[in-house]
> 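Before I ask anything, let me first share the structure, which is written out below as C-alpha cells.
Quick note: numbers below take in every heavy atom, side chains included, and nothing from hydrogens, waters or symmetry partners. On a predicted model such as this, the values are computed, not experimentally measured, just so you know.
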Amino acid sequence: MSSSRAKLQQARRWVVKIGSALLTNDGQGLDSEAIRRWVDQLAVLRQQGVEIVLVSSGAVAEGMTRLGWSSRPNELNRLQAAAAVGQTGLVQAYEANFQRHDTHTAQILLTHDDLTSRNRYLNARAALKTLISMGVVAVVNENDTVVTDEFRFGDNDTLAALVANLIEADGVVLLTDQQGLFTGDPRSNPDAELISEVRAEDESIIAMAGDGGRLGRGGMATKVRAARLAARSGAVTLIASGREENVLLRLKAGEQLGTLLVPERSPMAARKQWIAGHLQARGTLVLDAGAVTALSERGKSLLPAGVRSLSGRFTRGEMVLMTDESGKVVARGLVNYGAADAEKIIGKPSALIESLLGYVSEEELVHRDNLVLA
Ligand SMILES: Nc1ncnc2c1ncn2[C@@H]1O[C@H](COP(=O)(O)OP(=O)(O)O)[C@@H](O)[C@H]1O
Ligand SMILES: N[C@@H](CCC(=O)OP(=O)(O)O)C(=O)O
C-alpha cells in the first residue's frame with residue numbers, strides 16, 4: 001500500500017460527502033437501502049475511532065420527487081421550495097438509520113457567509129467540534145432556502161472541503177456515482193482510465209475533470225477543486241464510488257479504491273501556514289524572558305505563567321501576537337482562552353487554572369501546534 005493511502009487510514013477525522021447523483025439513485029427518490037448501508041459503515045468507522053461529519057446533498061432532488069416534479073425547475077423560489085421539502089426527508093433518513101446504532105444526528109445548514117464572517121465561522125466551528133466531542137454525527141448541507149443568488153456554493157464538494165478546513169479534518173471522502181477521477185469523463189469517453197493517486201495541486205487534472213450528470217451540480221471539476229481547498233489545511237481527499245460494496249470500510253482498511261488526491265504539505269505545516277497568513281491578530285500577549293526562550297529556542301507551548309500582560313479583545317480560538325517586553329513580535333498563534341479569562345490566569349501556574357476560572361480548557365495558553373514563530 002502506498003504511504004499516501006495510509007494517510008487516509010490514519011486520519012482521525014473524516015468529512016464524508018454523499019452526492020446528489022448517488023443519493024437519489026438518479027432521480028428515483030432517496031435510495032433508502034443505500035443510505036442504510038452507508039450509515040452502517042459510518043457507525044463501524046466511529047467504533048474504529050474515526051470522527052465523522054457528513055455532508056449530504058439530495059435536498060432538491062428529494063423535494064422534486066416528493067412534489068412530483070420530473071424536471072429541475074429554473075426559478076429560484078421553486079428550487080428553494082424543493083430544497084426545503086427534500087431536506088426534511090434527508091434528515092429523517094439519516095436520523096432513523098443512525099438511531100439503530102444509538103447515535104444522534106444534528107442538522108447543520110450553512111451558507112457561504114457563515115464560513116467567511118469571522119464570528120459566524122467561529123460559531124460554526126465551535127458547534128461542529130462540540131457535536132463531534134459528544135459523539136453526534138452532524139449532517140451538513142447548504143442552506144438552500146436562504147442563499148441569495150442561485151445556490152451560492154452550488155455544489156457540496158466545495159462545502160465539504162470548507163467544512164474540512166473549518167474543523168481541521170484530515171480526510172475528505174467524496175462519494176459519487178463513478179469509481180473516481182478518470183483521465184476523461186467516462187460518460188463520453190469509454191477509453192478513459194481511472195487515476196489511483198495524484199497530487200491535489202497537479203494542474204493537469206483540472207483539464208481532465210468535466211461537469212456533472214443530470215442531478216449532480218459540479219461534476220468532477222468541483223471535486224478536484226475541493227481537493228485543492230482541503231489540501232490547504234493538509235487534508236487528503238478520496239473520490240470513490242458510493243455504490244462499491246463497503247467502500248468506506250475498505251478504504252479504512254487501506255484498499256486501493258477510487259482516486260486519492262494528496263496534499264503537498266503535512267497537516268501541521270499547512271495549518272501553520274494558514275495561521276501565519278490568513279488571520280488577523282485580535283490581541284497581544286507580552287511574554288517574560290523565560291517564555292520567549294521556551295518558544296523561540298525550545299519549541300514549547302506558551303503557558304499562562306510566562307505572560308506578563310495582555311491587550312486586545314480576543315475570544316478563544318482567535319489569533320494573538322506574542323511579543324517580548326520590548327514589544328518585538330516573537331510568535332503568533334491561536335489562543336485557548338478569551339481575553340477576560342486569560343487576564344485572570346496570566347502569571348499563574350497552569351495547575352491553578354481550574355480554581356481561578358472554575359474550568360480548564362487547556363493547560364497551555366497557546367499550544368505549540370497552533371503557534372508560528374515570527
Ligand atoms: N474525469 C472524470 N472522471 C470521472 N467522472 C467525471 C469526469 N468528468 C466528468 N465526470 C462526471 O462527473 C459526474 C459526477 O459528478 P456529479 O454528477 O456532480 O455527482 P455528485 O452529485 O456525486 O457530486 C460523473 O457522473 C461523471 O460523468
Ligand atoms: N444543496 C443541494 C446540493 C447541491 C448538489 O447537488 O451538490 P452535488 O452533490 O455536489 O452535486 C441539495 O441538497 O440539493
> Taking atom types as modelled, find out whether Glu244 and Ser241 have a side-chain donor-acceptor pair closer than 3.5 angstrom.
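Distance-only check fails for Glu244 and Ser241.
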
> Any sub-3.5 Å donor-acceptor pair from Glu364's side-chain atoms to Leu303's backbone N or O?
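Checking the backbone N and O of Leu303 against the side chain of Glu364, no donor-acceptor pair under 3.5 Å is found.
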
> Kindly give the heavy-atom pair with the smallest separation between Ala209 and Leu181, and that separation in Å.
CB-CD1, 4.1 Å

> Would a distance-only check, ignoring hydrogens and angles, find a side-chain to backbone donor-acceptor pair under 3.5 Å from Arg228 to Ala200?
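Here the side-chain-to-backbone pair exists.
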
> On the six-membered ring of Trp14, is Arg46 placed so that its NZ or CZ lies under 6.0 angstrom from the centre and within 45° of the ring axis?
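Judged by the rule (NZ or CZ under 6.0 Å from the ring centre, within 45° of its axis), Arg46 is not positioned above Trp14.
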
> Regarding Thr183 and Glu193, do their side chains bring together a donor and an acceptor under 3.5 Å, going by distance alone?
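Note: Thr183 and Glu193 side chains miss the donor-acceptor criterion.
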
> Run Thr145 and Gln80 through side chain to side chain donor-acceptor pair (under 3.5 Å) and show every step you take.
CA-CA 5 Å; Thr145 315; Gln80 292 177 321; over 6 Å; no

> Is the closest side-chain donor-acceptor distance between Asn156 and Ser57 under 3.5 Å?
yes

> Using a strict 4.0 Å threshold on nitrogen-to-oxygen distance, state whether Arg125 and Glu168 make a salt bridge.
yes

> With distance as the sole criterion, is a donor-acceptor pair present between the side chains of Thr105 and Glu95 under 3.5 Å?
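Present: a donor and an acceptor within the cut-off.
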
> Does any non-hydrogen side-chain atom of Val173 lie less than 4.5 Å from one of Lys17?
no

> Could you check if a side-chain atom of Leu285 sits within less than 4.5 angstrom of a side-chain atom of Val366, using non-hydrogen atoms only?
yes

> Are Leu238 and Thr259 side-chain neighbours, meaning at least one heavy-atom pair lies under 4.5 Å?
no

> Using modelled atom types and a 3.5 Å cut-off, is there a donor and acceptor pairing between side-chain atoms of Glu142 and backbone atoms of Leu110?
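Flag not set: sc Glu142 to bb Leu110 has no pair under 3.5 Å.
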
> So, are Arg308 and Asp288 salt-bridged, with charged N and O less than 4.0 Å apart?
no

> Any side-chain heavy-atom pair from His367 and Glu362 closer than 4.5 angstrom?
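No; the side chains remain at least 4.5 Å from each other.
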
> Do any N or O atoms from the side chain of His101 and from the backbone of Thr103 form a donor-acceptor pair under 3.5 angstrom?
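No, His101 side chain to Thr103 backbone: no donor-acceptor pair under 3.5 Å.
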
> Is it true that Arg100 and Asp40 have a side-chain N and a carboxylate O under 4.0 angstrom from each other?
yes

> Between Met220 and Gly180, which heavy-atom pair has the shortest distance, and what is it?
CE-O, 3.5 Å

> Examine Leu175 and Phe182 and state if one hydrophobic cluster contains both, with Ile, Leu, Val, Met, Phe, Trp and Tyr joined whenever side-chain heavy atoms are less than 4.5 Å apart.
no

> For the residue pair Gln107 / Gln87, report whether a side-chain donor-acceptor contact shorter than 3.5 Å exists.
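Short answer, yes.
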
> Is Leu174 linked to Val198 within one hydrophobic cluster, defined over Ile, Leu, Val, Met, Phe, Trp and Tyr using a side-chain heavy-atom separation of less than 4.5 Å?
yes

> What's the verdict on side chain to side chain donor-acceptor pair (under 3.5 Å) for Ser233 and Asn165, showing C-alpha distance, side-chain angles and the deciding distance?
CA-CA 6 Å; Ser233 55; Asn165 293 153; 2.7 Å; yes

